[in-house]
Amino acid sequence: MLAETAALLPFLVLFLHLCLSVFICGSFFFFRGAMFGGIALSWSALPLEVLEQDELRRRVHERGGEREVQFLFRDYAPILPVWHEGQLRLVTWGNRRRDSRRLPCTGWTWLATVEAGGWSRCDAEPIDIPATMGLENGVWYQVRQGIRGLLVRDEHGAARVYMICEPASYYYRVMTRSHWMPVLIGERF
Amino acid sequence: MGVPAAVGHLDADCFYISAERVRNTFLLGKPVGVLGNQGAFVIAKSYEMKAAGVKTGDPIWEAIVKCPHGVYLKRDFRWYEVLSRLMLDVVREFSPEVEYYSIDEFFFRVPSDSERSLQETAEVMRHRILQQVRVPVTVGIARSKTLAKLISDQAKPFGALALVDPEAERALLDRTAVQEICGIGERRAKRLAEYKVFTALDLALANRKLIRSLLTAVGEALWFELNGDPVLPLYSQRPPHKMLSRGGAIGKPSADFNYIWGWLVRSLERLIEELEYHRVCAGRLETWVMHYDGQVGVGKVELNGPTDRFDLLLEAARLGLRRAWLPRRTVARLNLVATHLQWPGSVQRGLFDPPAERAETLARLKREVNDRCGRFALRSGATLFVNEFYKDEAYSYEVCDVRGKICF
Ligand SMILES: [Mg+2]
């Protein structure tokens, strides 16, 4: 009996180690891979100086004969457009590549966490992420204005944006099979 | 000049999609689908999405496989209804006799004194709706309703076609399968096939008595219609609703006349909002009173003529309450039901009604003030006795204002 327990010990250690990494990444862990795929913004909605940036070129797609820029979380270096101080800027989306040791390694945060002051130590700032469409589990859907986001600084002083989400409404869950949905500006599914 | 007797059928092209594109031009040219059943199924699709193989009724999970670049939207019946009313207004400019067949389809009689040819009428109508409502429609004009609908079905999208020449009609019927006729389903088509009736032309040329024996009087009517004999009536007086109702529980059960009357007047103001929204007039007003002990009283009052005027309906409500309320009993709920609804266009003013000018000016003023300052900012003095309306603005007495529902 004792020998059996001893044999299980390495697994127990591994399990505790896993639990610890989950704890480090906080409650955000569960979002990884299972969340929101990205957004698209019609070409005409972007100012010229932003369109000239290199990061955008490979993100340009065509739909119905019109150009649009897609910002997907699965991109090698995910970014999102944000309105900040009256200007449209491109900011790193979350911390998927784990460049920051301090920030959660996802691209999302719960509205409840934000409201409970979970980000108050990170100098977080609410911002708007403009979007014409959202993508979730392969379903592109219309977005009227955009999505609410949180702008934070990592330990290197670099800006990062997290998308704010909430539990999915019944409609959103049926449409996308997702249990979370982004907090939209001025509308709700 | 004068034109031959003709009926038109106007049908919006992919109406839900077109309606969404009116308020969001970004959707133009893209494959778009509107979802119903809580986001589970595609209930309307654009031509671009149709080309990708998506069908109405496809589950969203099949649709995204067939059309991965499609944009999916939530349906918004209120918006579609707004545009539907605007289209109806334009059609009414062309014809005094319009049947509201569905949210995006209307039948209308082409006035015989029209200055335009039938073809011009179809084209001008299509153009005017695109210009004023920004929704593309197809217009078909023919000798009967059934023919007009067949024409508009085939002229889609953005078609305008008048066909009254029998030769042209024959050609149209010849290329139309019999099951494409509105009212003939697969089962009836199978029955007809046994008698070698495959096309609409076969049906039109078949023996009328045979058609009657196979398809009853409904089929016989279609036979007449296909032969250019307009036997199906135009229901220009039938509004989309049979009745409209407003009311519900009053704040607290009471036997005080002023309190009860205040509630009833508020219900009447809400009911008139509904009548105005749906652009219908009431031919009868029913006052339902549910007493605290469970007894129900009804007071039905016929109006001199269909109306949406506050002063006339108020008198009817007063009389209705007198008939419905059991003396000195405590009242728990009140409901006002407007029935015998009619379009205002078809309404003749009651001969014995007091002059309309003053009442209409008042009603317009009330509407304008409330549009600008908020709902019920200007309201009847009778509602003063119900203090709840004033004490707590957050208390919602409008919970029952779900269109199309009765909340007794
Ligand atoms: Mg249609």
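Keep in mind it's a predicted model, so treat the numbers as computed, not measured. Note on naming: letters A, B, ... go to the chains in the order of the sequence lines (proteins, then strands), and numbering restarts at 1 for each one.
- If you measure heavy-atom distances from A:Arg173 to chain B, you find no contacts under 4.5 Å at all.
- Side-chain contact between B:Lys55 and B:Lys50: absent, with no pair of heavy atoms (C-beta onward) separated by less than 4.5 Å.
- With a 4.5 Å cut-off on non-hydrogen atoms, B:Leu35 touches chain A through its backbone and its side chain both.
- Aromatic ring centres of B:Tyr47 and B:Phe158: separated by at least 6.0 Å.
- Residue A:Ser44: no heavy atom, backbone or side chain, is found under 4.5 Å from chain B.
- In summary, the aromatic rings of A:Trp180 and A:Tyr172 are positioned with their centroids too far apart to meet the 6.0 Å limit.
- Ranked by non-hydrogen atom pairs under 4.5 Å with chain A, the options B:Ile60, B:Val32, B:Val71 are led by B:Val71.
- The aromatic rings of A:Tyr162 and A:Trp119 lie tilted to each other, with the angle between the two planes from 30° to 60°.
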